[in-house]
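Each chain gets a letter, A, B and so on, in the order its sequence line appears, and its residues count up from 1. Keep in mind that this is a model prediction, so the values were computed, not measured.
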Number of protein chains: 2
Amino acid sequence: MENHQLGTEIADALGLLLRRSTRARLYGRLTDGLPVDEFGYPVLSALARAGACSAAELAGEVGLDRTVVTRRATHLETAGLLRREPDPADRRATLLLLTDEGTAVVAELRRRLATLIADSLHDWPPTEAQAFAAGLTRFVADGPFS
Amino acid sequence: MENHQLGTEIADALGLLLRRSTRARLYGRLTDGLPVDEFGYPVLSALARAGACSAAELAGEVGLDRTVVTRRATHLETAGLLRREPDPADRRATLLLLTDEGTAVVAELRRRLATLIADSLHDWPPTEAQAFAAGLTRFVADGPFS
DNA sequence: CTGATTTGCGTGCGCTGTGCACGCTATCCT
DNA sequence: AGGATAGCGTGCACAGCGCACGCAAATCAG
């Protein structure tokens with residue numbers, strides 16, 4: 001079973017990726033100088049992907065507790081990156097949506113990350129890089145991450 | 001600049017990998033039924049790679065504070081997975097080393113992870129899987145993770 | 001139509017992991 | 001020898017996290 005050996009190789013690489021410090025360092029670099037920290041980033045990014053929605057929906061998206069998203073949203077609201085708005089269809093619900101500045105910050109964050117990654121792929125043969133990107137996407141999609 | 005688009009694609013995949021919940025869930029599955037939790041696992045695994053060494057060295061390896069490793073090591077020591085031993089060469093230093101059970105647990109953990117990954121690669125064309133493993137290793141090595 | 005139940009949201013509270021500062025012991029340098 | 005340095009472990013404060021509670025609005029039962 002040579003796949004098992006591949007599993008070991010991938011496991012080593014994943015070990016580094018999953019470190020807290022790795023995530024903290026990466027997010028720290030990305031958010032440097034921007035009015036958002038490593039904790040607000042995932043919420044902001046998820047909101048950009050999902051569009052206007054409730055904190056509970058965002059919680060499922062980010063993989064955190066509902067109340068945590070609420071607190072982070074409040075923080076981001078104070079920073080002026082998102083705003084709350086009563087749901088016109090359901091007056092007990094509160095919609096979270098990006099402000100213009102929030103949209104700009106998300107765009108900048110995504111640009112920085114994409115650039116960072118593209119730079120590290122700079123010396124790769126184009127076909128190899130493309131294959132890796134596709135492979136990673138596939139691996140994450142149906143990998144051991146339910 | 002098409003690399004930039006690749007960067008965006010990879011960024012999306014990384015976003016999921018870097019989630020706290022992803023790591024917690026994966027480590028939870030791996031350590032299920034074993035006398036080690038998601039916090040002890042990195043320390044145990046690093047100790048297996050590095051061999052007998054001090055907590056400070058392990059801290060650099062894992063990317064945590066020295067005192068945190070000390071506490072986790074104490075926890076693992078209570079569980080019987082590692083033991084402390086005064087460094088014969090330097091009597092103020094304390095060596096951390098795996099017990100037999102600790103070695104067995106690490107082996108089981110690595111086996112589980114490798115199996116998990118290998119399973120998710122089951123349907124992949126062999127060459128594609130191999131290319132992905134190599135790509136991931138390379139990407140992690142000289143990627144944006146200093 | 002009215003009262004009870006459910007749903008969604010925000011906040012108070014306790015828990016836990018983390019890092020810093022401190023004290024102690026052993027080693028190294030002068 | 002004696003002061004400076006290095007290595008460990010622990011007390012402490014801080015912050016993120018999830019649970020439980022209370023309130024407002026909507027839905028359901030009768």
Has [X] got a side-chain N or O lying under 4.0 Å from the OP1 or OP2 atom of [N]?
| X | N | value |
| --- | --- | --- |
| R72(B) | dT18(C) | yes |
| T70(B) | dT10(D) | no |
| S54(B) | dC8(D) | yes |

Please determine, for the side chain of [X], which listed nucleotide ([options]) has the closest atom?
| X | options | value |
| --- | --- | --- |
| R91(A) | dA25(D), dC19(D), dA21(C) | dA25(D) |
| V68(B) | dA26(C), dT18(C), dA25(D) | dT18(C) |
| A55(A) | dT18(C), dA26(C), dG10(C) | dG10(C) |
| A93(A) | dC8(D), dT27(C), dC9(C) | dC9(C) |

Can you say whether a donor on the side chain of [X] sits under 3.5 Å from an acceptor on the base of [N], or the other way round?
| X | N | result |
| --- | --- | --- |
| R66(B) | dG9(D) | yes |
| R92(B) | dT25(C) | no |
| R71(B) | dG19(C) | yes |

Under 30°, 30 to 60°, or over 60°: which ring-plane class applies to F132(A) and W124(A), parallel, tilted or perpendicular? tilted
Expressed in angstrom and rounded to an integer, what is the separation of [X] atom [atom1] from [N] atom [atom2]?
| X | N | atom1 | atom2 | result |
| --- | --- | --- | --- | --- |
| L64(A) | dG10(C) | CG | P | 16 Å |
| E77(A) | dG10(C) | CD | P | 9 Å |
| D65(B) | dT18(C) | CG | C1' | 7 Å |
| E57(A) | dC9(C) | CD | C1' | 13 Å |

Quiz question: by atom type and distance under 3.5 Å, do the side chains of T31(B) and R112(B) form a donor-acceptor pair?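 The criterion, which ignores hydrogens and geometry beyond distance, is not satisfied for R112(B) and T31(B).
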